[in-house]
**Q** 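Structure below; questions to follow.
As the structure is a prediction and not an experimental result, all values here were calculated from the model.
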Amino acid sequence: MGETGCGKTRLIRFMCQLQAGAVAVDGPKNMVLMKVHGGTTANDILRKVEESEKLALHNKERHKVDTVLFFDEANTTEAIGLIKEVMCDQRMNGKPLTHGSNALKIIAACNPYRRHTRDMIERLEMAGLGYHIRAEKTDDRLGRIPLRQLVYRVQALPPSMLPLVWDFGQLNSEVEELYIKQIVARYVHSGQIPVGSEHVISSVLAASQRFMRETESECSFVSLRDVERAMNVLVWFYKHKEVAILLKDQFYEDHMEDDVDEEEEEDEEPDEYEPLDYLTQALVLSLGVCYHACLQEEREAYRNNISKYFTHPCVLTEGGDQMLEEINRCQDVFLKQLKLGPNIARNAALKENVFMMVVCIELRIPLFLVGKPGSSKSLAKTIVADAMQGEAAASPLFKTFKQVHMSSYQCSPLSTPEGIVGTFRQCSRFQEGKDLNRFVSVVVLDEVGLAEDSPKMPLKTLHPLLEYGCDDEDNPPPHKKVAFIGISNWALDPAKMNRGILVSRGVPDEDELKDSAEGICSTDEIVLSRIQPMIPALAKGYLKLYKIQNKEFFGLRDFYSLVKMVYGFSKASGDPPTWRQLVHAIRRNFGGLDDIDPVKVFNKQLHNVDKRQERGPNDPDCDPAGLIRASLVGLDRGILNMESESRYLLVLTENFAALGILQQQLLSMEDTVIIFGSSFPKDQEYTQVCRNINRIKVCMETGRTVVLLNLESLYESLYDALNQYYVYFGGQRYVDLGLGTHRVKCRVHNEF
């Protein structure tokens, strides 16, 4: 029993090679490795034991060598009882094992039982929107403790196995440093990094591991896997000289601007400066990907701590600030190479998401992105899919990257383990026979958090898939390993996330909101100049409103939409927005809560707007019916072409009272389709969900209005449609409708 990634499997493999000794050249396979995971069944174990028995007899007769069957992470499966029977009783389903006296030895490795601290559990529940299903309601538990509150998702060991447990423990810092030196030396010997750099790289990585362990957050579970990962990223940046050259150009560009500013202030000589050399740059960026990105509040402390360990030949003259500057510069360089649509802000969240996705896809490192809605997760995915086209890419830098093929799986409470394993299989088939240095398949799990508590536990098969790309083979062929991106608004179980890199997006501060708002309006400089004085007030108002709501009701999307709407008013009228236009935009985006008056909150911040104006010809209607009408029909198209700004409506009333009002007042009923759902079992079935989605699809294509009632089971499938996540092709708008592995592009009529 020992922590993950501290060398249990390596140790057994090494021992088996020693035992095989001279015969090993001829290559008898004297170790059978079974990667046990949450989805492993009793039949899988029976098959593996039978296969091992045949091999053991063969090895004994031919080579006089013992054979070892190794169950890795044995206590993650519910079939642990069968493993106990094989190990303790030498039986399988009551029948004695047939391997004769002692040709087959059996070893199991298991993860320790540790519960997270109270603080840690609270922190995990704060990620994104928290957990989709509360801890006390989940069925997935060990005794009374929900499995997600354990450091490792493990089942209880049968009592008769307890005397066999030997504590492998975990590596202490000194021993870990020896391991790290060994790993780095391997890269130096193979000529991937220059000789003489091993000391500084080892000490920086060892310091990073120590720092991460001491944090109180989900980042504290680090192992030698992280070191191996950091070295792979370092070598990739070191070899990718194209990135380094662009960074150098960007460096001089930034410093030229700084110097001009300084010279205007005082007539002193500008500073002498040098960009970082290739190796230091690669090391800094590698830390930026593997350690820095996972941290939230502790980023500055990490940079200041680690920069002390940079000694010759990797020197940082300005310490932690220089690290941050270099990481930001690289993110800017990546994003500068891309063409973004109008009204898309190049904010910090988008920059980091795109940067992390590109690097992790290139190196096939699993990446989890967790954050509240509106933190540019899906947007980054779409941008990266468009940009990484291999030789056909639009930008010279992206021509040097791999060509990407993305397969999305829309997770929902209906997800199954077979669906997820099927997506990985399909992806690895795409890689078969291709040049893996130029082509990569990516599995994208959208809304992973919703599958976290599906009754079929679909995510328990993820462990081996993330690590090896398949869940059954001992030495899988290289095409099986695919890239992986998990996107979630909800918190995830930490045991999954230590297989990859976790980027957790926090709540943006006022400066970041202002940057985003200016970015959204930057398509038209003149309009931006009219709105600019209001942006700080809008950002302050939004943050105030965000803090006083008692649950996540309003989020970033509402703020972005508010800014777009104000921009739309100003662009159409040619003047700064009037108070009535602002009220209309605030009510449209922040209505819906009875106990909060959003106009009052924003009013306290908007001091420099004249609030006594008469209603002008361009001013919209601000009463509820007017707001709903404006959402459905768009404000009079002549005044304001707002079709791109109008979001779909959620009307909250008791007992569907809204339906009657809508029917009487607003909707001409001949082109409106009303779809009812219910909690009756037949209405929850997969076939009924498919039927309803199909009805919506027909309405989208023909431009009719749809009213959905009681259809919770359907919203995950309309995820991209509700976010108005359109792709434009040949002048038409298309959107993805997804259910599990099935995704269809559906045309969206302008009147829909």
Side-chain angles (χ1 to χ4, degrees), residues 27 29 32-35 37 39 44 47-48 51 190 192 225 228-229 231-233 235-237 239-240 242-243 356-367 381-410 416-446 458 461-487 499-501 727 736 738 740-745:
K29 184 179 158 197
V32 180
L33 172 63
M34 179 166 194
K35 302 174 193 114
H37 54 83
D44 299 334
R47 268 204 308 277
K48 209 53 147 180
E51 175 196 321
S190 60
Q192 292 176 292
R225 283 196 190 104
E228 197 69 65
R229 196 181 293 144
M231 287 306 297
N232 285 334
V233 178
V235 169
W236 184 81
F237 274 115
K239 283 186 174 160
H240 246 85
E242 296 86 355
V243 178
M356 293 297 293
M357 278 187 189
V358 172
V359 176
C360 291
I361 288 173
E362 272 285 308
L363 290 161
R364 295 182 168 85
I365 296 171
L367 172 69
K381 176 192 81 176
T382 314
I383 290 172
V384 169
D386 282 348
M388 292 183 79
Q389 297 290 340
E391 295 296 332
S395 97
L397 174 63
F398 278 80
K399 276 186 174 37
T400 66
F401 294 159
K402 297 183 174 73
Q403 183 189 344
V404 161
H405 174 275
M406 282 195 183
S407 296
S408 286
Y409 180 88
Q410 182 66 53
T416 61
E418 296 76 44
I420 290 178
V421 172
T423 311
F424 274 87
R425 281 219 183 99
Q426 179 193 348
C427 256
S428 60
R429 268 193 221 113
F430 277 116
Q431 290 193 154
E432 216 169 331
K434 300 257 192 354
D435 174 6
L436 296 184
N437 294 321
R438 296 297 302 146
F439 181 86
V440 57
S441 270
V442 188
V443 174
V444 180
L445 292 190
D446 254 323
T461 50
L462 262 188
H463 274 191
L465 291 171
L466 294 183
E467 213 156 314
Y468 313 100
C470 59
D471 57 345
D472 45 7
E473 295 177 48
D474 186 357
N475 276 327
H479 74 262
K480 289 274 187 180
K481 176 88 173 102
V482 294
F484 170 87
I485 296 174
I487 294 178
R499 302 285 165 178
I501 293 178
V727 181
D736 270 359
T741 44
H742 308 293
R743 283 181 96 75
V744 288
K745 282 257 184 288

**Q** Is the shortest heavy-atom distance from the side chain of R225 to the side chain of E467 under 4.5 Å?
**A**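 R225 vs E467: side chains touch.
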**Q** Using side-chain contact (heavy atoms from CB on, under 4.5 Å), reason through Y409 and V443 one step at a time and then give a plain yes or no.
**A** CA-CA 8 Å; Y409 180 88; V443 174; 5.6 Å; no
**Q** Compare every heavy atom of G738 with every heavy atom of R743, then report the nearest pair and how far apart it is.
**A**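 Heavy-atom minimum between the residues: CG-CA, 4.1 Å.
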**Q** Kindly give the heavy-atom pair with the smallest separation between K48 and L33, and that separation in Å.
**A**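 Here K48 and L33 meet closest at CE-O, 3.7 Å.
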**Q** Check for a donor-acceptor pair, side chain of H37 on one end and backbone N or O of G39 on the other, with a separation under 3.5 Å.
**A**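 Indeed, once roles are kept as given, a pair shorter than 3.5 Å links the two residues.
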**Q** Can you give me the closest heavy-atom contact between S441 and F439, atom names plus distance?
**A**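 It is OG-CE2, 3.8 Å.
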**Q** One pair to check against side-chain contact (heavy atoms from CB on, under 4.5 Å): V384 and V442. What are the steps and the verdict?
**A** CA-CA 11 Å; V384 169; V442 188; over 6 Å; no
**Q** Carefully, step by step, assess L462 and F484 under the rule side-chain contact (heavy atoms from CB on, under 4.5 Å).
**A** CA-CA 11 Å; L462 262 188; F484 170 87; 4.3 Å; yes
**Q** If you round to the nearest 0.5 Å, how far is OG of S428 from CG of L465?
**A**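 Here the rounded value is 9.5 Å.
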**Q** Start with the C-alpha distance between H463 and K35, add both sets of side-chain angles, then the distance that settles side-chain contact (heavy atoms from CB on, under 4.5 Å), and finish with yes or no.
**A** CA-CA 9 Å; H463 274 191; K35 302 174 193 114; over 6 Å; no
**Q** Calculate, to the nearest 0.5 Å, the distance between atoms CD1 and CE belonging to I485 and M406 respectively.
**A**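 Going from CD1 on I485 over to CE on M406, the span is 4.5 Å.
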**Q** When the side chains of residues 396-403 are checked against the rest of the protein, which donor-acceptor pairs come out under 3.5 Å, sequence neighbours left out?
**A**
residue	atom	partner	partner atom	Å
K399	NZ	A393	O	2.7
T400	OG1	L397	O	2.6
K402	NZ	E362	O	2.7

**Q** Is there side-chain contact between L363 and R229, with at least one heavy-atom pair below 4.5 Å?
**A**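 No, every pair of side-chain atoms sits at 4.5 Å or beyond.
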**Q** Quick one: closest heavy-atom pair of K239 and Q192, and the distance?
**A**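 Smallest heavy-atom distance, with atoms named: NZ-NE2, 3.9 Å.
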**Q** If you look at every heavy atom in D446 and Q410, which pair is closest and at what distance?
**A**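 Closest heavy-atom pair between D446 and Q410: CB-OE1, 3.7 Å.
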**Q** Under the side chain to side chain contact (heavy atoms under 4.5 Å, CB included) rule, collect the residues that match up with E418, sequence neighbours excluded.
**A**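 Testing E418 for side chain to side chain contact (heavy atoms under 4.5 Å, CB included), a comparison that skips the adjacent residues, returns T416.
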**Q** Going by the rule side chain to side chain contact (heavy atoms under 4.5 Å, CB included), which residues pair with S407 if we only count those two or more places apart in sequence or in a different chain?
**A**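 Applying side chain to side chain contact (heavy atoms under 4.5 Å, CB included) to S407 gives H405, T423, Q426, C427, F430.
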**Q** Does the K481 side chain pair with the main chain of L466, one donor and one acceptor, at a distance under 3.5 Å?
**A**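 Confirmed, K481 side chain pairs with L466 backbone.
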**Q** Could you pull out the closest heavy-atom pair between K381 and V444, with the gap in Å?
**A**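 Looking at all heavy atoms of both residues, the shortest contact is CD-CG1, 3.6 Å.
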